[in-house]
Engineer: 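Sharing a structure, written as structure tokens. Questions coming.
For this chain, numbers begin at 1 and follow the sequence in order. Below, all heavy atoms of this structure are taken into account, side chains as well, without hydrogens, waters or symmetry copies.
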Amino acid sequence: QVQLVESGGGLVQAGGSLRLSCAASGIIVSINDMGWYRQAPGKQRELVATITSGGSTNYADSMKGRFTISRDNAKNTVYLQMNSLKPEDTGVYYCHARRGTVLVGFNYWGQGTQVTVSS
């Protein structure tokens with residue numbers, strides 16, 4: 001099993017910045033993709049950004065140029081640097097990890113951390 005714990009959320013004004021962290025523990029071998037998703041009140045969970053074990057990144061269009069995902073394999077931690085935050089970025093941000101092969105894997109989710117952007 002893999003456990004994911006997020007931290008770094010909070011309240012910030014529009015245009016401000018936050019950095020989220022997600023620490024993985026448990027069976028951390030063969031963890032491939034990691035990423036961040038968010039869920040606004042009353043809405044579905046959506047992709048924010050992903051990063052592979054090799055460092056390749058992918059972002060939702062609305063995040064490009066504002067958010068940066070990175071990982072520190074030595075610390076088993078993935079980060080999300082969020083700049084130029086907008087009120088529509090408000091939501092619960094969840095860390096995600098996939099462990100396994102390209103064909104068969106297991107998905108894990110953190111409990112989430114609240115991000116609130118005021119206008």
Engineer: Could you walk me through whether V92 and T113 pass the side chain to side chain contact (heavy atoms under 4.5 Å, CB included) check?
Structural biologist: CA-CA 5 Å; V92 179; T113 184; over 6 Å; no
Engineer: To the nearest 0.5 Å, how far apart are CG in D33 and OG1 in T57?
Structural biologist: 11.5 Å
Engineer: What's the separation between atom OG in S53 and atom CG in N73, rounded to the nearest 0.5 Å?
Structural biologist: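 With rounding to 0.5 Å, OG (S53) is 7.5 Å from CG (N73).
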Engineer: So which heavy atom on N107 is nearest to which on R98, and how close?
Structural biologist: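 In terms of heavy atoms, the two residues are closest at OD1-CB, 4.0 Å.
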Engineer: Count I, L, V, M, F, W, Y as connected when their side-chain heavy atoms are under 4.5 Å apart, and connections chain through other members. Are M63 and V12 then in the same cluster?
Structural biologist: yes
Engineer: If every non-hydrogen atom of L85 is compared with every non-hydrogen atom of R66, which pair is closest and at what distance?
Structural biologist: CA-NH1, 3.9 Å
Engineer: Flag the pair W36 / F67 as yes when their ring centroid distance falls below 6.0 Å, and as no otherwise.
Structural biologist: no
Engineer: Identify whether L47 and W109 are in the same connected component of the hydrophobic contact network (ILVMFWY, side-chain heavy atoms under 4.5 Å).
Structural biologist: yes
Engineer: With the 4.5 Å side-chain cut-off for hydrophobic clustering, are I69 and L18 part of the same group?
Structural biologist: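 Same hydrophobic cluster.
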Engineer: So, for S84 and S17, which heavy atoms are closest and what is the spacing to 0.1 Å?
Structural biologist: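 Looking at all heavy atoms of both residues, the shortest contact is N-OG, 4.4 Å.
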Engineer: Within the distance-only criterion (no hydrogens, no angle test), does the side chain of E6 pair as donor or acceptor with the backbone N or O of Q111 below 3.5 angstrom?
Structural biologist: yes
Engineer: What residues form a salt bridge (Lys or Arg N to Asp or Glu O under 4.0 Å) with E46, not counting sequence neighbours?
Structural biologist: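 Residues passing salt bridge (Lys or Arg N to Asp or Glu O under 4.0 Å) with E46: R38.
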Engineer: In chain order, what residues pass the side-chain hydrogen bond (donor to acceptor under 3.5 Å, both in side chains) check against Q81, with sequence neighbours excluded?
Structural biologist: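 Once residues adjacent in sequence are excluded, the partners of Q81 under the side-chain hydrogen bond (donor to acceptor under 3.5 Å, both in side chains) criterion are N83.
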Engineer: Side chain to side chain contact (heavy atoms under 4.5 Å, CB included) between T50 and Y59: does it pass, once the steps are laid out?
Structural biologist: CA-CA 7 Å; T50 60; Y59 299 90; over 6 Å; no
Engineer: Which pair of heavy atoms, one from Y79 and one from D72, lies closest together, and at what distance?
Structural biologist: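 Smallest heavy-atom distance, with atoms named: CE1-CB, 4.1 Å.
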Engineer: Please find the pair of heavy atoms, one from S21 and one from T77, that lie closest to each other, and give the distance.
Structural biologist: CB-CG2, 4.4 Å
Engineer: With sequence neighbours left out, write down each residue that passes salt bridge (Lys or Arg N to Asp or Glu O under 4.0 Å) with K64, or none if nothing qualifies.
Structural biologist: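 Salt bridge (Lys or Arg N to Asp or Glu O under 4.0 Å) list for K64, sorted by chain: D61.
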Engineer: Can you get from L4 to F106 by hopping between Ile, Leu, Val, Met, Phe, Trp and Tyr side chains that sit under 4.5 Å apart?
Structural biologist: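 Yes, it is one cluster - the side chains of L4 and F106 are joined through contacts under 4.5 Å.
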Engineer: Taking the side chain as everything from C-beta on, heavy atoms only, tell me whether Y94 gets closer than 4.5 Å to V48.
Structural biologist: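 Contact flag for Y94/V48 side chains = no.
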Engineer: If I take atom NE2 from residue H96 and atom SG from residue C22, how far apart are they, to the nearest 0.5 angstrom?
Structural biologist: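 Reported value, rounded in 0.5 Å steps: 10.5 Å.
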Engineer: Answer yes or no: is there a side-chain heavy-atom contact under 4.5 Å between S25 and N76?
Structural biologist: no
Engineer: How far apart are the C-alpha atoms of V115 and M82, what are their side-chain angles, what is the distance that settles it, and do they pass the side chain to side chain contact (heavy atoms under 4.5 Å, CB included) test?
Structural biologist: CA-CA 10 Å; V115 172; M82 303 185 294; 3.9 Å; yes
Engineer: Kindly compute the distance separating CD (Q3) from CD1 (I27), expressed to the nearest 0.5 Å.
Structural biologist: 8.5 Å
Engineer: For the OG atom of S56 and the CD1 atom of I51, what is their distance to the nearest 0.5 Å?
Structural biologist: 8.0 Å
Engineer: So which atom in N32 and which in R99 form the shortest heavy-atom distance, rounded to 0.1 Å?
Structural biologist: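 So the minimum-distance heavy-atom pair works out to OD1-C, 4.3 Å.
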Engineer: Spell out, yes or no, whether Y108 and M34 are grouped together once hydrophobic residues are joined by side-chain heavy atoms under 4.5 Å, including indirect joins.
Structural biologist: yes
Engineer: So, the side chain of R71 versus the backbone of T52: is there a donor-acceptor pair under 3.5 Å, distance only?
Structural biologist: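 Answer holds: yes.
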Engineer: Would a distance-only check, ignoring hydrogens and angles, find a side-chain to backbone donor-acceptor pair under 3.5 Å from T90 to V117?
Structural biologist: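 Yes; judged by distance alone, with no hydrogens or angles, the pair exists.
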